Amino acid sequence: MARYNILSLDGGGIRGVLTIRLIEHLEEQFPGFLEQVDLITGTSTGGILTLALAAGLSPQQVREMYQTMGQKVFAESPLEVRGVSALINLVKADYSNVPLYNTLKEVLGDITLGQLKKKVVISSFDLDNEIVKPERPRTWKAKFFHNYDSPGTDSAQKVVDVALRTSAAPTYFPIFQGYVDGGVVANNPSMCALAQAVEGTTGKQKLRDIALLSIGTGNNPTFLTELNDNWGLAKWAVHLIPLMMDGSVGLADYQCKQLLGSRYLRLNPVLHRNIPMDAVKEIPYLLEVADLEKLDDVVAWLKKNFKRPKNVVPVSNG
């Protein structure tokens, strides 16, 4: 049996620092862990991590990039300093995507999905499919970028463009090339990757051969205490995006557990205070949470489920 190994990375803004720190520790405790991964999938911040790792950057390099990049991407604007940003943000995104684009372009250049060293699946959401055929209505739709060799492949897409498309979180960043954050459809993309892996013209894998490790950005303690059952848009607006993104995380976790059983594992440390996705000042805390997480059971699971005998590779996915 040739095991087919999937690594899935959630969305969560700057909390991606926690995710990559965990991967850094897993690689230290199980050297070669990432080499055993056949497919990496990610959404939003997890999509950026996925693309960087698939391009060949080490976990340490990616983590250092994140720590530097976060300060630029979520920098306070002059408007915030003057205390008038709230009114502006009613009609404009909180942050520019230019610092993110520039940083990723500097690190990843103009490489395409087809030039990556790993197979990837990256979630996003297309706001307009621009189809005008009567049998296929013009509508918005989920989009999953991948680099499997198949008709209609996305292999020619630039990595930097896909990174911006998956991470254009509504209200936080502007729409990028007609796409918004993949978190609106799959903030935990585990199930999306699993579906792509067993698809007959791309992944071509058997479900029984697949093992999947899903890593979150921290179990953020979010809840509502004001349970008025007659809320309107003004009350719901501030909660809708985090509610929608957190809800999809649990759904994918449930589905993967049912389909893969013991060949599926979820790693998502508890955060003891709510960390917004733009809280760059919380980076030291996020690193501390990752550093304190006990990973013995995760490493044991990886050694059992991810490690393959030498010279054994999965069935060709080309």
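None of these values were measured; they are calculated from a predicted model. Numbering of residues begins at 1 and proceeds along the displayed sequence.
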Is a side-chain donor or acceptor of N268 paired with a backbone partner of G218 at a separation under 3.5 angstrom? yes
Going by heavy atoms in the side chains, are L271 and L286 under 4.5 Å from each other? yes
Pairing donors with acceptors under 3.5 angstrom, does anything connect the side chains of Y172 and D278? no
With side chains defined as the heavy atoms from C-beta onward, is the minimum distance between L51 and L104 less than 4.5 Å? no
Quick one: do D291 and R21 make a salt bridge, cutoff under 4.0 Å? yes
Note: D110-K105 ion pair, threshold 4.0 Å (strictly below): yes
Looking at Q67 and I283, would you say the former's side chain and the latter's main chain have a donor-acceptor pair under 3.5 Å? no
Side chain Y179, main chain D161, donor-acceptor under 3.5 Å: no
D181 side chain to N187 main-chain N or O, any donor-acceptor pair under 3.5 Å? no
Linking I/L/V/M/F/W/Y whenever their side-chain heavy atoms sit closer than 4.5 Å, directly or via other members, would W140 and V185 fall into one cluster? yes
Side chains of T41 and Q196, heavy atoms from C-beta outward: is any pair under 4.5 Å? no
If you measure from CZ on R3 to CZ on R263, what distance do you get to the nearest 0.5 Å? 6.0 Å
Any chance CG of L287 has more than 12 other-residue heavy atoms, nucleotides or ligands included, within less than 6.0 Å? yes
If every non-hydrogen atom of A290 is compared with every non-hydrogen atom of L18, which pair is closest and at what distance? CB-O, 3.9 Å
Tell me whether Q157 contacts the main-chain N or O of T112 through its side chain, where contact means a donor paired with an acceptor under 3.5 Å. no
D154 side-chain N/O to H146 backbone N/O, donor-acceptor pair under 3.5 Å: yes
Does I20 offer a backbone N or O that forms a donor-acceptor pair with the side chain of R63 under 3.5 Å? no
For residues F30 and V298, determine if any side-chain heavy atom of one lies less than 4.5 Å from a side-chain heavy atom of the other. no
Would the distance check show the side chain of T43 and the main-chain N or O of S124 forming a donor-acceptor pair, the cut-off being under 3.5 Å? no
Between D126 and K143, is there a donor-acceptor pair closer than 3.5 Å when you use the side chain of the first and the backbone of the second? no
Would V98 and V160 show up in the same hydrophobic cluster when neighbours are defined by side-chain heavy atoms closer than 4.5 Å? no
Interatomic spacing from OG in S58 to CG in L53 - rounded to 0.5 Å: 8.5 Å
For the atom pair CG (L22) and OG1 (T217), what is the distance rounded to the nearest 0.5 Å? 10.5 Å
Between CZ on residue R15 and CG on residue N219, distance to nearest 0.5 Å: 9.5 Å
Look only at the side chain of S8 and the backbone of S190, and say whether a donor-acceptor pair between them is shorter than 3.5 Å. yes
With a 4.5 Å limit on heavy-atom distance, are the side chains of T45 and S167 in contact? no
Would the number of heavy atoms belonging to other residues, nucleotides or ligands and lying under 6.0 Å from NZ of K304 be above 12? no
Same apolar cluster (I L V M F W Y, side chains within < 4.5 Å links), Y254/M191: no
Is the shortest heavy-atom distance from the side chain of L265 to the side chain of D297 under 4.5 Å? no
Point-to-point distance, once rounded to the nearest 0.5 Å, from CG of N5 to CD of E35: 12.5 Å
How close do F173 and A168 get, heavy atom to heavy atom, and via which atoms? CB-CA, 4.2 Å
Could you tell me which non-hydrogen atom of L108 sits nearest to which non-hydrogen atom of A52, and how far apart they are? CD2-CA, 4.4 Å
Please report the C-alpha distance between W301 and N305 in whole Å, then the side-chain angles of each, then the deciding distance to 0.1 Å, and finally whether the side-chain contact (heavy atoms from CB on, under 4.5 Å) criterion is met. CA-CA 6 Å; W301 182 91; N305 291 279; 3.1 Å; yes
State, to 0.1 Å, how close Y148 and A197 come at their nearest heavy-atom pair, and which atoms those are. OH-CA, 4.4 Å
Are D253 and Y264 close enough that a side-chain donor and a side-chain acceptor fall under 3.5 Å? yes
For the residue pair V17 and E282, establish whether any side-chain heavy-atom pair is separated by less than 4.5 Å. no
Going through the distances and angles, do L7 and L34 end up as a side-chain contact (heavy atoms from CB on, under 4.5 Å)? CA-CA 9 Å; L7 175 63; L34 286 173; 3.9 Å; yes
Does D149 form a side-chain contact (heavy atoms from CB on, under 4.5 Å) with K119? I'd like the steps, not just the answer. CA-CA 10 Å; D149 297 326; K119 296 300 183 188; 4.2 Å; yes
Close side-chain approach of P189 and D10, heavy atoms under 4.5 Å: yes
Considering all heavy atoms of both residues, which atom of A169 and which atom of M277 are nearest to each other, and what is their separation? CB-CE, 4.0 Å
Write down the atom of V159, the atom of L113, and the distance for their closest heavy-atom approach. CG2-N, 3.9 Å
Would you compute the distance between atom OG1 of T166 and atom CZ of F144 and round it to the nearest 0.5 angstrom? 9.5 Å
Could you please spell out the steps behind the side-chain contact (heavy atoms from CB on, under 4.5 Å) verdict for V121 and I6? CA-CA 10 Å; V121 173; I6 300 175; over 6 Å; no
Check this for me: E64, atom CD, are more than 12 non-hydrogen atoms of other residues, nucleotides or ligands nearer than 6.0 Å? yes
